[in-house]
Amino acid sequence: MFRALADPTRRQILQDLRDGELAAGEIASRFAISGPSVSRHLAVLKAAGLVRDRRDGNRILYALEPDRLALTVGGFVSAVCPAQVVLRRRRDRKNGGSAADTAEPA
């Protein structure tokens with residue numbers, strides 16, 4: 001997934017999808033690169049599980065998979081910076097949640 005996030009074009013596509021679905025053509029029109037290049041970027045994002053697609057007539061609509069991104073990045077941050085997990089759990093307990101409710105994925 002981090003390889004998919006490494007490219008600035010793909011990061012911009014993810015930002016563009018924050019507000020909802022976009023057709024492949026709409027996404028391509030936002031960039032000064034060829035349609036096939038945008039399609040390759042979308043394929044990389046889809047393979048990484050960061051976007052999903054669906055057909056609507058002759059259009060392909062793309063949407064963000066925000067949970068996948070949040071879980072992966074959260075798991076990475078927890079592994080790299082375990083002190084943050086402890087602090088988050090303390091904060092959650094203080095706010096009424098249990099540590100089990102906020103356990104990070106392994």
Side-chain angles (χ1 to χ4, degrees):
M1 173 187 298
F2 290 105
R3 187 181 318 165
L5 294 172
D7 186 275
T9 300
R10 291 192 284 268
R11 290 193 307 268
Q12 184 60 52
I13 291 170
L14 293 173
Q15 286 183 339
D16 291 348
L17 291 172
R18 277 185 313 201
D19 296 326
E21 286 183 325
L22 290 173
E26 292 174 86
I27 295 168
S29 71
R30 297 169 182 230
F31 297 94
I33 58 176
S34 70
S37 291
V38 172
S39 291
R40 282 191 293 277
H41 285 296
L42 289 165
V44 170
L45 292 169
K46 185 178 173 186
L50 296 171
V51 298
R52 67 179 179 278
D53 65 355
R54 70 178 181 89
R55 285 209 169 269
D56 181 33
N58 64 346
R59 300 184 322 154
I60 301 175
L61 298 173
Y62 287 88
L64 193 60
E65 287 284 8
D67 292 341
R68 167 88 167 125
L69 180 59
L71 289 173
T72 300
V73 172
F76 173 76
V77 169
S78 295
V80 173
C81 189
Q84 290 300 315
V85 174
V86 173
L87 293 173
R88 187 176 319 122
R89 286 181 181 164
R90 284 182 188 157
R91 182 195 67 222
D92 290 342
R93 278 191 213 122
K94 187 177 180 181
N95 293 331
S98 71
D101 294 336
T102 60
E104 297 295 323

K.L.:
Would you say Leu22 and Ile13 make side-chain contact, with heavy atoms under 4.5 Å?
P.N.:
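No, every pair of side-chain atoms sits at 4.5 Å or beyond.
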K.L.:
At their closest point, which heavy atom of Leu17 faces which heavy atom of Leu64, and how far apart are they?
P.N.:
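For Leu17 and Leu64, the tightest heavy-atom pair comes out as O-CB, 4.0 Å.
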K.L.:
With a 4.5 Å cut-off on side-chain heavy-atom distances among I, L, V, M, F, W and Y, is there a chain of contacts connecting Ile33 to Leu45?
P.N.:
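Yes, Ile33 connects to Leu45 through the hydrophobic network.
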K.L.:
Return each pair, listed once, that meets salt bridge (Lys or Arg N to Asp or Glu O under 4.0 Å) where at least one residue sits in residues 3-20; pairs must be two or more places apart or across chains.
P.N.:
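Counting only pairs at least two positions apart or across chains, the salt bridge (Lys or Arg N to Asp or Glu O under 4.0 Å) contacts touching residues 3-20 are Asp16-Arg30.
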K.L.:
Rounded to the nearest 0.5 Å, what's the gap from OG on Ser39 to NZ on Lys46? Could you check?
P.N.:
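The OG atom of Ser39 sits 11.5 Å away from the NZ atom of Lys46.
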K.L.:
Are Gln12 and Phe31 side-chain neighbours, meaning at least one heavy-atom pair lies under 4.5 Å?
P.N.:
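The answer is yes; the side chains approach within 4.5 Å.
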K.L.:
Could you report the tightest heavy-atom contact between Ala24 and Leu42, atom names first, then the distance?
P.N.:
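Looking at all heavy atoms of both residues, the closest pair is CB-CD1, 4.4 Å.
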K.L.:
Which side-chain N or O atoms in residues 54-63 pair as donor and acceptor under 3.5 Å with protein atoms at least two apart or in another chain?
P.N.:
residue : atom : partner : partner atom : Å
Arg54   : NE   : Glu21   : OE2          : 2.7
Arg54   : NH2  : Glu21   : OE1          : 2.9

